[in-house]
Every structure is written in C-alpha cells, then in structure tokens.
Amino acid sequence: MEEALREAQKAADLDEVPVGAVIVQNGAIIGRGCNLRETSQDPTDHAEMIAIRAAARHIGFWRLCDCTLYVTLEPCVMCMGAIILARIPRLVYGCRDPRVGAAGSIYNLAADERFNHRVEVTEGVEEEACSQILSGFFSKLRQRKKNDRD
C-alpha cells in the first residue's frame, strides 16, 4: 500500500484527485497508476485502470489471475468492472468511497454471484494515510476556490 500511496502523491502533485494503485504478481509490482483524468481529459484514466493496462502489457496477457491490486480508495463501478474482467482475484484498498464505492459501500460487485468471477476484498489497509491524502487535497481545493472568490 505504501507504493499505492506514492502513486496517490504523484496524482496530488499534478492537481489530480490523489488515488494511487499498484498491481503485484509474485511479490513484484507489474503495474502502477495514479489518477490522470484532468491531465488527459479522459474519464477512464482512473488509477486502477492505468495500473491494469500496465500490468496486462507487462505480462502480455489480459488475464491477471495471480495478481493483487492495491489501491488507496475503494474502486468505482467502472474500475470494479475492469477488475472482474481482468480476473484479478484479490483487491486491497485503503479507505471506503461512500459516494461511488463498488466494493462494499454502495455496491458490492466483488461478491455478486451473477458474475463468473469473484474478488476477495480486504479493506482498511493504511486507511488513515489514504484518507488523509484525500481530505488534505480537498481541503486545499476548497481553500483555493474560496481565495479565488475573495
């Protein structure tokens, strides 16, 4: 999760919502990503999506069957869909997303028996650090907007 937090900090440094993700296979990071939606103007450039693409390129195969995805924030519906489609068996995330979380908060796509793949989920890893980087970012953003109005 420390590496995912480093990725989140990269996003924050770019004025992106600070979410970071890494994919690990056999103890080695094979994919990493941070949010780049504002930078790329691409709504699919979430940290998880970038990490999944990188991992698939790294191994040369779209099925990431023996990998674990670590992400600082609970994935949204789009990202959970990609996790399921990539056959990632394990997801570890830092803090819940009560607005759009799809691994237990609003939806629990990871355990939906209608899909042909289930994802084992571990939540709350480095929860405080993951939450702090997000709350710090949004606090600065609100302050910046307030200063712009004044």
Side-chain angles (χ1 to χ4, degrees), residues 1-25 27-56 62-146:
M1 190 60 79
E2 288 178 21
E3 288 297 318
L5 280 162
R6 281 189 200 24
E7 290 296 317
Q9 186 58 55
K10 287 180 187 177
D13 292 344
L14 294 168
D15 278 336
E16 296 275 357
V17 175
V19 178
V22 295
I23 297 181
V24 175
Q25 180 186 52
I29 295 173
I30 63 165
R32 57 177 66 235
C34 67
N35 270 0
L36 292 174
R37 289 187 315 173
E38 299 298 328
T39 301
S40 69
Q41 291 299 297
D42 181 340
T44 69
D45 268 355
H46 289 204
E48 301 95 323
M49 300 295 284
I50 293 167
I52 289 169
R53 288 183 202 120
W62 63 270
R63 287 188 179 119
L64 303 175
C65 296
D66 54 351
C67 297
T68 300
L69 170 63
Y70 295 85
V71 62
T72 56
L73 180 66
E74 178 183 5
C76 68
V77 172
M78 174 184 67
C79 292
M80 277 307 302
I83 291 164
I84 291 165
L85 292 172
R87 308 297 195 271
I88 296 172
R90 185 162 182 249
L91 164 67
V92 178
Y93 71 84
C95 56
R96 284 188 157 218
D97 187 340
R99 291 183 320 105
V100 297
S105 289
I106 293 181
Y107 300 107
N108 191 356
L109 299 182
D112 193 319
E113 293 182 3
R114 294 171 291 184
F115 293 118
N116 65 339
H117 177 72
R118 306 282 175 285
V119 180
E120 175 191 334
V121 177
T122 302
E123 68 174 271
V125 175
E126 294 291 334
E127 182 175 12
E128 184 65 28
C130 293
S131 182
Q132 280 182 345
I133 194 168
L134 284 162
S135 60
F137 172 82
F138 286 112
S139 177
K140 286 179 187 173
L141 186 62
R142 283 189 298 275
Q143 186 62 45
R144 195 177 323 144
K145 285 182 180 181
K146 181 179 183 274

Those residues at least two apart in sequence (or on a different chain) that pass side-chain contact (heavy atoms from CB on, under 4.5 Å) with I50 are L36, D45, R53
Closest heavy-atom pair, V77 versus Y107, reported as atoms and distance to 0.1 Å, is CG2-CD1, 3.7 Å
Contacts of S135 meeting side chain to side chain donor-acceptor pair (under 3.5 Å) (sequence neighbours excluded), chain-then-number -> none
Between I83 and the options L109, V71, L64, I52, the side-chain contact (heavy atoms from CB on, under 4.5 Å) test singles out I52
Rounded to the nearest 0.5 Å, the CG atom of D42 sits from the CE atom of M49 at a distance of 9.0 Å
Q: Measure the shortest side-chain to side-chain distance between M78 and P43 over non-hydrogen atoms and say whether it is less than 4.5 angstrom.
A: no
By side-chain contact (heavy atoms from CB on, under 4.5 Å), R90 pairs with (sequence neighbours left out) T68, Y70, V92, E120, T122
- Side-chain heavy-atom pair E48, I88 within 4.5 angstrom cut-off: no
Q) Within a reach of under 6.0 Å around CD of Q41, are more than 12 heavy atoms found that belong to other residues, nucleotides or ligands? A) yes
When every non-hydrogen atom of V121 is compared with those of A103, the smallest separation belongs to CG1-O, 4.3 Å
Point to revise | Main-chain N/O of V17 paired to N35 side chain as donor or acceptor, under 3.5 Å | key: yes
Smallest heavy-atom separation, A47 atom then G33 atom, equals CB-O, 3.6 Å
Residues passing the side-chain contact (heavy atoms from CB on, under 4.5 Å) test with E3, sequence neighbours excluded, are R6, V22, I29, R32
**Message:** Are P18 and L134 packed together at the side-chain level, in the sense that at least one heavy-atom pair is separated by less than 4.5 angstrom?
**Reply:** yes
Output for pair (E123 CD, C95 SG), nearest 0.5 Å, gives 10.0 Å
Smallest heavy-atom separation, P89 atom then C65 atom, equals CG-O, 3.0 Å
Interatomic distance, CZ@R142 vs CZ@F137, rounded to 0.5 Å, equals 10.5 Å
Kindly say whether F115 contributes a backbone atom to a donor-acceptor pair with the side chain of R118 at under 3.5 angstrom? yes
Next item on the list: Flag the pair L85 / W62 as yes when at least one side-chain heavy-atom distance between them is below 4.5 Å, and no otherwise.
Entry: no
Rounded to the nearest 0.5 Å, the CD atom of E7 sits from the OG1 atom of T72 at a distance of 10.0 Å
Rounded to the nearest 0.5 angstrom, the CD-NZ distance for E16 and K10 is 13.5 Å
Quick note, side chain to side chain donor-acceptor pair (under 3.5 Å) partners involving residues 77-89, not counting sequence neighbours, are none
| Are D13 and Q9 close enough that some pair of their side-chain heavy atoms sits under 4.5 Å apart? | yes
Between H117 and I84, the two heavy atoms sitting closest are CD2-O, 3.7 Å
d(H46 NE2, C34 SG) to nearest 0.5 Å is 12.5 Å
**Asked** Does some side-chain heavy atom of I106 sit less than 4.5 Å from a side-chain heavy atom of D97?
**Response** no
Those residues at least two apart in sequence (or on a different chain) that pass salt bridge (Lys or Arg N to Asp or Glu O under 4.0 Å) with D66 are none
